[in-house]
Amino acid sequence: DVKVTQSSRYLVKRTGEKVFLECVQDMDHENMFWYRQDPGLGLRLIYFSYDVKMKEKGDIPEGYSVSREKKERFSLILESASTNQTSMYLCASSLSAPVGNQPQHFGDGTRLSIL
Amino acid sequence: GQNIDQPTEMTATEGAIVQINCTYQTSGFNGLFWYQQHAGEAPTFLSYNVLDGLEEKGRFSSFLSRSKGYSYLLLKELQMKDSASYLCAVREGGGYQKVTFGTGTKLQVIP
C-alpha cells in the first residue's frame, strides 16, 4: 500500500512566522502535489512537482513556495504566514507512467491555524 | 484552465441508488477521477474514466461522455458508510499529471 505521511496533523502558528509542512511518500512516485482544502472551495492546487528539484505553480501559489531535494520528500513553505492561510493542507503523490489510471494518493492532512 | 461543476449536497435512502453528476469545461482532457472523502479524512480513489462509457467496480460505477463534458458516479445498494463527500477531478492533457478537483458533493445516506 502507498503511504503518504504528513509531518503534523494539527499545527498552530503565528502571523508572520515561516512555516514548513513536510510530506514523505514511500512508493517512489515521480509526482507530488500540495493542495489546500477550504469549505465551499474544494481542493485547490498550490504547487506540484514532477521530478526532483522540479516544481510547477498550481492555481494558488501566492504566499507559498516548495522544495523537492529528494524524490520521496516534498515540502511546502509559508514564507510569512497570514491568517488567510488557515486551512487544511493535503499532500498527494502519483506515478507518472504509464499515463493512464494513475490516481493520486493522499496524506491525512495538516490542519493549520494561523493566529 | 478547468471548470468543474457538481451538486453541493444530496440525500438518499439506505438501500437505494444515487447518481452524482459532474460537468466540466477544459482546455485539455486526459482522464477523469472520482474520489471519496469521509469527514476529517483524506480522499481515496474510487474510479477512473478516459474513454466514453461505463466503468463498473462493485457497487460503484462511473460514466463518461467526453463530447458532452459529463460524468456521473452511480452508487448502488447504498449503505450508511457511503455518507461522504464525492470529488470529481479532471486531469489536463499534456505530459504533466496536473489534476483539478471539483468542490465535491456531500452525500448523506439516511435510514
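Just so it is clear: chains get the letters A, B, ... in the order the sequence lines come, proteins before strands, and each one is counted from 1.
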Colleague: Test ring pair (Phe, Tyr, Trp, His ring centres under 6.0 Å) on B:Tyr35 and A:Phe106; report intermediate values, then the result.
Modeller: CA-CA 11 Å; B:Tyr35 287 82; A:Phe106 286 85; 5.7 Å; yes
Colleague: Please check if the number of heavy atoms outside B:Lys106 that lie under 6.0 Å from its NZ is greater than 12.
Modeller: no
Colleague: Are B:Leu73 and B:Phe29 co-members of a hydrophobic cluster defined by side-chain heavy atoms under 4.5 Å apart?
Modeller: yes
Colleague: Answer whether the closest heavy-atom distance between the side chains of B:Phe101 and A:Leu41 falls below 4.5 Å.
Modeller: no
Colleague: Establish whether A:Val66 and A:Ile60 are linked, either directly or via other cluster members, by ILVMFWY side-chain heavy-atom contacts under 4.5 Å.
Modeller: yes
Colleague: For A:Gly107 versus B:Ala42, what's the shortest heavy-atom pair and its separation?
Modeller: O-CB, 2.9 Å
Colleague: Mind checking the NE2-CZ spacing from A:His105 to B:Phe45? Nearest 0.5 Å is all I need.
Modeller: 8.5 Å
Colleague: Is there a side-chain contact between B:Leu46 and A:Pro103 (heavy atoms, below 4.5 Å)?
Modeller: no
Colleague: Might you point out which heavy atoms bring A:Gln102 and B:Arg91 nearest each other, and give the distance in Å?
Modeller: O-NH1, 3.9 Å
Colleague: Check the surroundings of atom NZ in B:Lys57: do more than 12 heavy atoms from other residues, nucleotides or ligands lie under 6.0 Å from it?
Modeller: yes
Colleague: Under a 4.5 Å cut-off applied to non-hydrogen side-chain atoms, are A:Arg44 and B:Thr103 in contact?
Modeller: no
Colleague: With the side chain counted from C-beta on, respond yes when A:Asp108 and B:Glu41 share a heavy-atom pair under 4.5 Å apart, and no when they do not.
Modeller: no
Colleague: Report the C-alpha distance between A:Leu45 and B:Thr100 in whole Å, list the side-chain angles of each, state the deciding distance to 0.1 Å, and finish with yes or no for side chain to side chain contact (heavy atoms under 4.5 Å, CB included).
Modeller: CA-CA 7 Å; A:Leu45 182 65; B:Thr100 300; over 6 Å; no
Colleague: Please check if the number of heavy atoms outside A:Glu17 that lie under 6.0 Å from its CD is greater than 12.
Modeller: yes
Colleague: Do A:Tyr35 and A:Leu21 land in one hydrophobic cluster if side-chain heavy atoms of ILVMFWY residues count as linked below 4.5 Å?
Modeller: no
Colleague: Tell me if the CZ atom of B:Arg59 is crowded by more than 12 foreign heavy atoms within 6.0 Å.
Modeller: yes
Colleague: Could you grab the distance from atom OG of A:Ser94 to atom CZ of B:Phe33, nearest 0.5 Å is fine?
Modeller: 7.5 Å
